[in-house]
**Student:** 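Pasting a structure here, questions to come.
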Amino acid sequence: MLAGRRPPFLNQANMPELPEVETIARSLREPPENDAGIITMRVTGAKVLWEGTLANLTPRAFTRRIKGQSLEDIGRRGKFLVFTFSTDTMLIHLRMSGDLRIEKVTSPEGDMVPLLKHDHLALTFKNGLRLVFNNPRKFGRAWLLKDPREVLDDLGPEPFDEPLTAEVFHQMLTGRSRQLKPLLMDQRFLAGLGNIYTDEALFRVKLHPLTRSDDLAAEQSGMLLKAIRDVLWDGIRRNGASIDWVYRGGEFQNHFNVYGRKGDPCPDCGTLIERLLVGQRGTHICPACQKKK
DNA sequence: CACGTCACCTGCGTGC
DNA sequence: TGCACGCAGGTGACGT
């Protein structure tokens, strides 16, 4: 389809920012009709296939602790997936290449379904399903915690939180003196934005990624917050449109205005999109629309 | 405090 | 055809 148009890595990796993680949380939580899910189910076993997956426990301690607990809910905070069990909470961060899937442990013929390359953690549930964490680049991590706040308290506000008004956001921005893009991607400042959605949000408000955060007028801060919410919402909407239980090929990548589109004409003015480095990250702008002050 | 750099890791595309 | 190389994603540690 549009394969020739997208950056090469989009064909093989996920880029889990807030909308992708939200999409995964929903797909794990809401299995298709007539299929059981794993919510309310008890864990009957755990297999840790790569020790480094676990951020805070040994495989032995993890397995012993999670066995017998029931899964009560699956949610999201920032880019973390939050699995609430009866006594502990499991957090999973996919970083850049992680993936989660739910599948039956046994095939219809009665054979064990083999795990795949790069499957690093698998939880089996009482109803014959298992949750598998596939983690090719070994960047993703799982935590098992009595109190998830231990990790999640370091995160900034959720972009859609109601108390995050334009005024509050303006105070947050002008209370710092940092380059806009690295600040927006700082999870302690705001939780959920990554490289792609940040580029897209900045393009929508015509701000250069190197703009100083304390140079923004109140009105600009308000527009930036709206752009962030719009672009995240568009991402959620487009991923939500095409996923099912285990397959979740979103299609927001076909709607990028600047990300991965170096050399393409700006959709607003036709100037060719440029790629620059900001804080070591590939950054895409329209040099005409997004002028540096 | 802000910012730069590097390390982590694998697999894909590119260019020789 | 094979192969070395660059590069992408998110974050944390560390140096300036």
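Given the structure is predicted, the values throughout are model-derived calculations rather than measurements. Naming convention: chains lettered A, B, ... in sequence-line order (proteins, then strands); numbering from 1 in each chain.
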**Student:** Calculate the interatomic distance between A:R275 atom CZ and C:dG6 atom P; express it in whole Å.
**Tutor:**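 Distance, rounded to whole Å: 14 Å.
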
**Student:** Can you find a pair of side-chain heavy atoms, one from A:K292 and one from A:L210, that are under 4.5 Å apart?
**Tutor:**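 The answer is yes; the side chains approach within 4.5 Å.
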
**Student:** Applying ring-ring contact (aromatic ring centres under 6.0 Å, His included), can you list everything that pairs with A:H120, at least two apart in sequence or on another chain?
**Tutor:** A:W50

**Student:** Apply the hydrophobic cluster definition, ILVMFWY joined by side-chain contacts under 4.5 Å directly or through others, and give me every member besides A:L277.
**Tutor:**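 In the cluster with A:L277 there is nothing else; it is isolated.
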
**Student:** Once Watson-Crick and G-U wobble pairs under 3.5 Å are found, how is DNA chain B written in dot-bracket notation, 5' to 3', with | for any base paired to another strand?
**Tutor:** .|||||||||||||||

**Student:** Which residues satisfy the side chain to side chain contact (heavy atoms under 4.5 Å, CB included) test with A:E158, sequence neighbours excluded?
**Tutor:** A:L18, A:R76, A:R77, A:D161, A:A191

**Student:** So, A:D73 side chain and A:I39 main chain: donor-acceptor pair closer than 3.5 Å or not?
**Tutor:**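 The answer is no, because no donor-acceptor pair under 3.5 Å joins these two groups.
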
**Student:** Is the A:F256-A:Y197 ring centre distance short of 6.0 angstrom?
**Tutor:**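 So the answer is no for these two rings.
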
**Student:** Please determine if a side-chain N or O atom of A:H118 lies less than 4.0 Å away from the OP1 or OP2 oxygen of B:dC9.
**Tutor:**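 Indeed not, no polar side-chain atom of A:H118 lies that close.
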
**Student:** Reading nucleotides 11-16 of chain C from the 5' end, what letters show protein touch, with B for base, S for backbone sugar-phosphate only, - for no heavy atom under 4.0 Å?
**Tutor:** B-----

**Student:** Would one find a side-chain N or O of A:Q280 under 4.0 angstrom from OP1 or OP2 of B:dT5?
**Tutor:**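 Looking at the OP1 and OP2 atoms of B:dT5, one of them is under 4.0 Å from a side-chain N or O of A:Q280.
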
**Student:** So which of residues 175-182 of chain A are in contact with DNA chain B, with a heavy-atom cut-off of under 4.0 Å?
**Tutor:**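 Only A:R176, A:S177, A:R178, A:Q179 qualify.
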
**Student:** OP1 or OP2 of B:dT10 less than 4.0 angstrom from a side-chain nitrogen or oxygen of A:K117, does that happen here?
**Tutor:** no

